[in-house]
Participant: 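Sharing a structure with you now.
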Amino acid sequence: MTRRWVWWGGGALLALALGGAALTMPDAGHNAPQALTGQPVTRGDIEQWVMATGVLKPSAQVNVGVQVNGQLKKLYVKQGERVKSGQLLAEIDPTLQQNDLRNAQAELNSARAQKTSAEALLTQYEKRLRREQKMARDGSGVPSQLEEAQAQYAAQREQIKVSQTQITQAEVNVETAEANLGYTRIVAPIDGEVLGIIAKEGQTLVSSDSAPTLMVLGNLDVMEVHTRISETDILKVRAGQPLWSYVQADPDTRYDSTLDFIQSIPEDALQQQADGGNSGSGQQPGAVYYSALFTLNNPARQLKTSMTAQVFIRTAQAKQVLRLPLAALGKALARDRYQVTVIKDGVPQVREITVGISDRNLIEVKSGLQEGEQVALAPQAGPAS
């Protein structure tokens, strides 16, 4: 009986010992030390950008309207054709305007003839007045006849003034008729391209308070990009900053330019002022954007009206500085101070660094690291014990 318990007790102790040994033996598959790797600290340029979206428009665009009534007799250009300032674009049937000019010239001739007749009559009245005045001095005149001669002379002088006014009015009518006749020949006001033709040959055009548009011209050699900048970025940008952009239709082509203008009032607020300043509750309607403008040279004329452009405005730049991946930053100690884990000889070491500007991938290192040092990416290894 005693031997049986001793045998069972010894077996249990042996099993416990073997189990404990199994628990303390390292597992080659899970607990083997792993090699630590990192990203090197490099030297190069860092640029900080503000991104925005813009819409392309011609640097000059004119709606060519019609200022007189008549039938569109002839179109001399086609859509897409390049034109020069002063080039004949179209012609309206000039019959009505030619008749108006002849009528105006006839009225002018009539007014001039009436003045000539009035001047001749004035000469006659002046001679009679002098005779009556001489007879009055000699005592042989009749006072009533002198008074009548004086009245006729004065009235005729005023009639000549009326005739001169009629001549002036007739001259204005002739100038207006000549201008209207000239408007039947529609010429290009700018150098550019025919972006669109609205009217057709044979169509009757009626001018009113708003002149009907015949065609649209635009200068596509230089394009304007109208963009909007969020209020979160507006204090970072200013006129004169360099930028680059691309259009969605051709993302591989880069266009460099400079920011020309930033509007100091949001477009929505400007429209509100134009509408009388009625803002309702006075609360902001939503996101606030400020309009900005720059131009792009378009010698190949690849850029088209209303294209969408992605815009990158450079707000800061650092040349040939130490750079570190943003993913390597550890605990933030201050606005420009962070902890990073440097790997030296396979051993992680926590170090404090000072940083500068950053883009979306890299950040400038001002102090705390040297070029070529390896820095672990997050999640970082703990410091060596």
Side-chain angles (χ1 to χ4, degrees), residues 45-64 80 82-86 188-196 213 215-275 277 284-319 356-360 364:
D45 299 342
I46 293 183
E47 295 178 335
Q48 206 167 50
W49 305 88
V50 164
M51 294 188 298
T53 302
V55 177
L56 273 64
K57 297 182 180 181
S59 57
Q61 180 171 315
V62 178
N63 293 343
V64 180
R82 300 188 69 173
V83 298
K84 294 290 186 180
S85 176
I190 62 169
D191 293 347
E193 179 179 312
V194 180
L195 301 182
T213 299
M215 63 183 67
V216 180
L217 302 183
N219 181 3
L220 301 183
D221 293 328
V222 178
M223 302 294 290
E224 288 183 349
V225 183
H226 297 252
T227 185
R228 301 197 309 161
I229 300 174
S230 168
E231 67 172 317
T232 58
D233 294 324
I234 193 62
L235 295 182
K236 303 174 186 176
V237 299
R238 64 183 183 278
Q241 285 177 326
L243 59 87
W244 69 276
S245 62
Y246 68 85
V247 293
Q248 291 184 349
D250 183 15
D252 296 329
T253 301
R254 170 172 171 156
Y255 298 88
D256 294 302
S257 186
T258 302
L259 192 62
D260 293 330
F261 169 76
I262 303 174
Q263 193 165 292
S264 298
I265 180 173
E267 195 66 33
D268 292 341
L270 189 63
Q271 185 61 45
Q272 178 183 316
Q273 295 298 323
D275 293 340
Q284 291 282 11
V288 177
Y289 292 91
Y290 294 82
S291 297
L293 176 71
F294 64 92
T295 59
L296 297 177
N297 292 325
N298 188 30
R301 308 175 76 78
Q302 294 294 320
L303 301 177
K304 307 297 183 184
T305 303
S306 298
M307 278 185 167
T308 301
Q310 296 298 323
V311 183
F312 303 84
I313 306 169
R314 193 177 73 197
T315 58
Q317 183 183 44
K319 287 185 163 295
I357 68 171
S358 68
D359 56 22
R360 294 183 177 272
E364 175 189 5

Participant: To the nearest 0.5 Å, how far apart are CD in Gln310 and OG in Ser245?
Facilitator: 9.5 Å
Participant: Glu364 side chain to Ile357 main-chain N or O, any donor-acceptor pair under 3.5 Å?
Facilitator: yes
Participant: Ion pair present between Glu193 and Arg82, side-chain N to carboxylate O less than 4.0 angstrom?
Facilitator: no
Participant: What is the minimum heavy-atom distance between Ala309 and Val225, and which atoms define it?
Facilitator: CB-CG1, 4.3 Å
Participant: Given the rule in the side-chain contact (heavy atoms from CB on, under 4.5 Å) test, do Thr305 and Leu220 qualify, once you have shown the distances and angles that lead to the verdict?
Facilitator: CA-CA 8 Å; Thr305 303; Leu220 301 183; 4.0 Å; yes
Participant: For the backbone of Leu303 and the side chain of Asn298, can you confirm whether one donor and one acceptor N or O come within less than 3.5 Å of each other?
Facilitator: yes
Participant: Is the closest side-chain heavy-atom distance between Leu217 and Pro189 below 4.5 Å?
Facilitator: yes
Participant: Describe, in one word, how the ring planes of Trp244 and Phe312 are oriented to each other, choosing from parallel (under 30°), tilted (30 to 60°) and perpendicular (over 60°).
Facilitator: parallel
Participant: Give the intermediate values and the outcome of side-chain contact (heavy atoms from CB on, under 4.5 Å) for residues Thr53 and Thr308.
Facilitator: CA-CA 7 Å; Thr53 302; Thr308 301; 3.6 Å; yes
Participant: Does some side-chain heavy atom of Val216 sit less than 4.5 Å from a side-chain heavy atom of Val64?
Facilitator: no
Participant: Within this structure, what is the CD1-NZ distance for the pair Ile229 and Lys236, rounded to the nearest 0.5 Å?
Facilitator: 11.5 Å
Participant: Thr227 and Val311: which non-hydrogen atoms are nearest, and at how many Å?
Facilitator: OG1-CG2, 4.4 Å
Participant: Please assess Ser257 against Leu243 for the test side-chain contact (heavy atoms from CB on, under 4.5 Å), listing each intermediate value before the final yes or no.
Facilitator: CA-CA 5 Å; Ser257 186; Leu243 59 87; 3.8 Å; yes
Participant: Where is the tightest heavy-atom contact between Gln302 and Met307, given as atom of each residue plus distance?
Facilitator: O-CE, 3.8 Å
Participant: For atom CZ of Arg301, decide whether the heavy atoms of other residues, nucleotides or ligands shown that lie under 6.0 angstrom number more than 12.
Facilitator: yes
Participant: Please report the closest heavy-atom contact between Trp49 and Glu47, naming both atoms and the distance.
Facilitator: CZ2-OE1, 2.7 Å
Participant: Donor-acceptor pair, distance only, cut-off 3.5 Å: does the side chain of Thr213 make one with the backbone of Met215?
Facilitator: no
Participant: I need the Ile262 CD1 to Gln241 CD distance, nearest 0.5 Å.
Facilitator: 7.0 Å
Participant: Look up atom CD1 in Ile313 and atom CZ in Phe294, then write down how far apart they are to the nearest 0.5 Å.
Facilitator: 7.5 Å
Participant: Testing the basics here: between Asn219 and Asp191, what is the closest heavy-atom pair and its distance to 0.1 Å?
Facilitator: CB-O, 4.0 Å
Participant: Is it the case that atom CZ in Arg360 sees more than 12 heavy atoms from other parts of the structure closer than 6.0 Å?
Facilitator: no
Participant: Using 4.0 Å as the upper bound for N to carboxylate O, is an ion pair formed by Arg228 and Asp233?
Facilitator: no
Participant: Closest heavy-atom contact between Pro58 and Gly218?
Facilitator: CB-CA, 4.2 Å
Participant: Evaluate the side-chain proximity of Ile190 to Ser85: yes if any heavy-atom separation is below 4.5 Å, no if none is.
Facilitator: no
Participant: Could you measure the distance from the OH atom of Tyr255 to the CG atom of Leu56? Nearest 0.5 Å is fine.
Facilitator: 8.5 Å
Participant: Any donor and acceptor pair, going by atom type alone, linking the side chain of Thr295 with main-chain N or O of Glu224 inside 3.5 Å?
Facilitator: no
Participant: Quick check for you: to the nearest 0.5 Å, what is the distance between His226 atom NE2 and Ser291 atom OG?
Facilitator: 9.0 Å
